[in-house]
There are 2 protein chains.
Amino acid sequence: MKITLDKSIGAATVRLSKKVTRIINHHLKPYCITTEQWSVLRTLYECDHITQKQLSERSDKDQATLTKILDLLVKNGFVERIPNPNDRRSFFIKITEKGSSLSEELIPFLENIYGIIIEGIPDEKLTIFQEVLVSLEDSIQHLLDHQTERRN
Amino acid sequence: MKITLDKSIGAATVRLSKKVTRIINHHLKPYCITTEQWSVLRTLYECDHITQKQLSERSDKDQATLTKILDLLVKNGFVERIPNPNDRRSFFIKITEKGSSLSEELIPFLENIYGIIIEGIPDEKLTIFQEVLVSLEDSIQHLLDHQTERRN
DNA sequence: TAAATATAATTTGTATACAAACTACTTTAT
DNA sequence: ATAAAGTAGTTTGTATACAAATTATATTTA
């Protein structure tokens with residue numbers, strides 16, 4: 001019997017994602033940072049001194065969720081919140097020296113881990129994998145945007 | 001500059017997974033069930049009357065997490081816990097008539113939604129996507145298993 | 001100029017992932 | 001027969017995703 005798309009696309013993608021998170025979290029543990037915190041830190045490392053709103057958009061994270069993640073990153077000394085002189089509601093988020101150092105260390109570290117994970121998979125197949133990934137994401141984003149419009 | 005594997009494989013997979021979860025949760029909302037609850041229900045629909053331990057293994061869910069998900073599925077009338085006569089620690093989890101009906105309805109419903117999501121993506125590319133997905137999962141599972149062994 | 005509306009971020013509540021500890025029960029060793 | 005070790009499931013705590021409400025502030029409108 002034919003396997004459903006729910007299982008072959010949906011559940012399989014979610015399962016892979018959880019395994020990726022699991023193994024990367026395992027390797028990040030000694031650095032006192034999680035995969036989600038790292039994704040925020042990396043976003044800042046690439047484009048520093050932006051507002052929380054902008055960071056939320058760039059890292060594709062819910063603002064409520066980002067507030068909590070930033071609390072942890074601030075507590076661990078990787079970033080700091082700087083009041084926006086032009087808008088008392090708003091903060092700029094800035095990476096610290098400690099955060100920059102960690103980022104410089106983690107980028108090659110994670111490249112190595114992923115290098116091990118993808119070992120044995122032909123480059124052409126990985127390229128197609130990434131293309132399909134982007135296509136699926138765009139397709140879903142379009143549906144999500146359309147859903148938001150209908151609510152308005 | 002070359003994009004890192006962390007971003008092109010890791011973060012991209014996680015991002016797609018979240019979007020899949022988001023759009024499917026949106027569509028499931030009228031049925032009072034979430035994607036994770038559905039994945040447990042579907043596992044039972046396919047292989048009913050098994051212990052919580054077995055269900056945890058088959059659905060690849062943490063036992064603590066599964067306990068909470070089952071609490072909700074029981075509360076909503078989709079499954080029931082039946083004491084195991086041979087082992088007072090253990091339960092059999094059984095799908096209810098309501099749970100079966102919902103499963104029969106959701107399978108084609110979700111097939112339709114995923115059909116829309118994958119529209120425009122050539123079958124050959126989807127096939128490669130699924131192959132790479134499985135390869136990556138196996139690779140990571142191997143690393144996870146190896147990590148568990150080292151701890152022991 | 002004051003009122004109304006909009007916005008940035010936070011808080012609260014629920015769902016789920018995971019780690020670790022706990023409780024009740026079963027199996028194994030002595 | 002009893003103690004020790006192991007197991008099934010639950011509870012507690014933390015991290016993150018998301019929805020909705022809230023607070024403080026900025027902007028727009030009347």
Side-chain angles (χ1 to χ4, degrees), chain A residues 11 14-26 28-29 32-41 50-57 59-76 81-93 144 147-148 151-152, chain B residues 11 14-26 28-29 32-41 50-57 59-76 81-93 144 147-148 151-152:
Chain A
V14 170
R15 202 167 52 244
L16 174 61
S17 170
K18 285 170 180 169
K19 285 192 161 117
V20 166
T21 298
R22 212 177 289 167
I23 192 69
I24 301 302
N25 268 331
H26 168 73
L28 288 179
K29 210 178 182 73
C32 296
I33 195 168
T34 66
T35 55
E36 298 308 321
Q37 291 164 19
W38 164 240
S39 83
V40 170
L41 190 65
I50 58 180
T51 67
Q52 214 161 292
K53 176 71 188 303
Q54 290 168 325
L55 183 55
S56 165
E57 285 161 0
S59 58
D60 194 34
K61 281 192 184 312
D62 188 74
Q63 280 200 268
T65 303
L66 184 62
T67 295
K68 297 182 176 188
I69 291 178
L70 286 179
D71 286 347
L72 294 169
L73 288 173
V74 167
K75 180 184 163 194
N76 290 328
R81 281 182 171 103
I82 297 173
N84 183 343
N86 301 323
D87 186 339
R88 296 220 293 268
R89 297 170 298 179
S90 171
F91 297 95
F92 286 110
I93 311 299
L144 288 168
Q147 153 212 335
T148 300
R151 191 163 52 231
N152 290 354
Chain B
V14 170
R15 201 165 54 244
L16 174 61
S17 169
K18 284 170 181 169
K19 285 189 163 121
V20 166
T21 299
R22 211 176 289 169
I23 193 69
I24 300 301
N25 268 333
H26 169 72
L28 288 178
K29 209 177 182 73
C32 295
I33 194 166
T34 65
T35 55
E36 299 308 319
Q37 290 164 20
W38 164 240
S39 83
V40 171
L41 191 67
I50 57 179
T51 67
Q52 213 160 295
K53 176 74 187 304
Q54 290 168 325
L55 183 54
S56 166
E57 286 160 0
S59 58
D60 193 34
K61 282 196 182 309
D62 186 74
Q63 282 201 267
T65 303
L66 183 62
T67 296
K68 297 183 177 189
I69 291 177
L70 285 178
D71 286 346
L72 294 169
L73 288 173
V74 167
K75 181 183 165 197
N76 290 329
R81 282 180 169 103
I82 299 174
N84 182 344
N86 301 323
D87 188 336
R88 293 219 292 264
R89 297 169 295 177
S90 171
F91 299 96
F92 286 108
I93 311 299
L144 287 168
Q147 153 212 335
T148 300
R151 190 162 54 232
N152 289 354

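In this text, all values refer to a predicted model and were calculated from it rather than measured experimentally. Chain naming here is simple, since letters A, B, ... match the order of the sequence lines and numbering starts at 1 in each.
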Query raised in the report: Taking C-beta and beyond as the side chain, do A:E36 and A:S59 meet within less than 4.5 Å on heavy atoms?
Result: no
Report task. Would you kindly give the CD1-to-P distance between A:I82 and C:dA9, to the nearest whole Å? Result -> 13 Å
Report summary line: A:L144 CG to D:dA17 P, in whole Å, measures 15 Å
**Report entry** Residue-phosphate contact under 4.0 Å: A:R22 side-chain N/O, C:dC18 OP1/OP2
**Finding:** yes
Report summary line: Separation between NZ (A:K61) and CZ (B:R15), nearest 0.5 Å, reads 10.5 Å
Report summary line: Whole-Å distance, A:N86 CG to C:dA9 P, equals 13 Å
**Report entry** Test item: A:N25 side-chain N/O and A:T35 main-chain N/O as donor-acceptor pair under 3.5 Å
**Finding:** yes
Query - Partners meeting salt bridge (Lys or Arg N to Asp or Glu O under 4.0 Å) with A:R88 (sequence neighbours left out) - result: none
Query raised in the report: How about A:D71 and A:R81: do any of their side-chain heavy atoms sit closer than 4.5 Å?
Result: yes
**Report entry** Under 4.0 Å protein heavy-atom contacts per nucleotide of nucleotides 10-16 of chain C, with B for base, S for backbone only and - for none
**Finding:** BBBB-SB
Report task. Round to the nearest Å and state the distance from A:R88 atom CZ to D:dT23 atom C1'. Result -> 14 Å
Report task. May I have the distance from B:I23 (atom CD1) to D:dC18 (atom C1'), rounded to whole angstrom? Result -> 14 Å
Query - Expected output: side-chain B:S17 to main-chain A:S17 donor-acceptor under 3.5 Å - result: no
Query raised in the report: Does OP1 or OP2 of D:dT23 have a side-chain N or O of A:R89 closer than 4.0 Å?
Result: no
Query raised in the report: Rounding to a whole Å, what distance do you find between A:L55:CG and C:dA9:P?
Result: 9 Å
Query raised in the report: Separation of B:Q54 atom CD from D:dT7 atom C1', in whole Å?
Result: 14 Å
Requested in this report: Please list, chain by chain and in numerical order, all residues satisfying salt bridge (Lys or Arg N to Asp or Glu O under 4.0 Å) with A:D62, sequence neighbours excluded.
Outcome: none
**Report entry** C:dA9 phosphate, OP1 or OP2, under 4.0 Å from A:S90 side-chain N/O
**Finding:** yes
Query raised in the report: Please give, in whole Å, the distance from D:dT25 C1' to A:K53 NZ?
Result: 15 Å
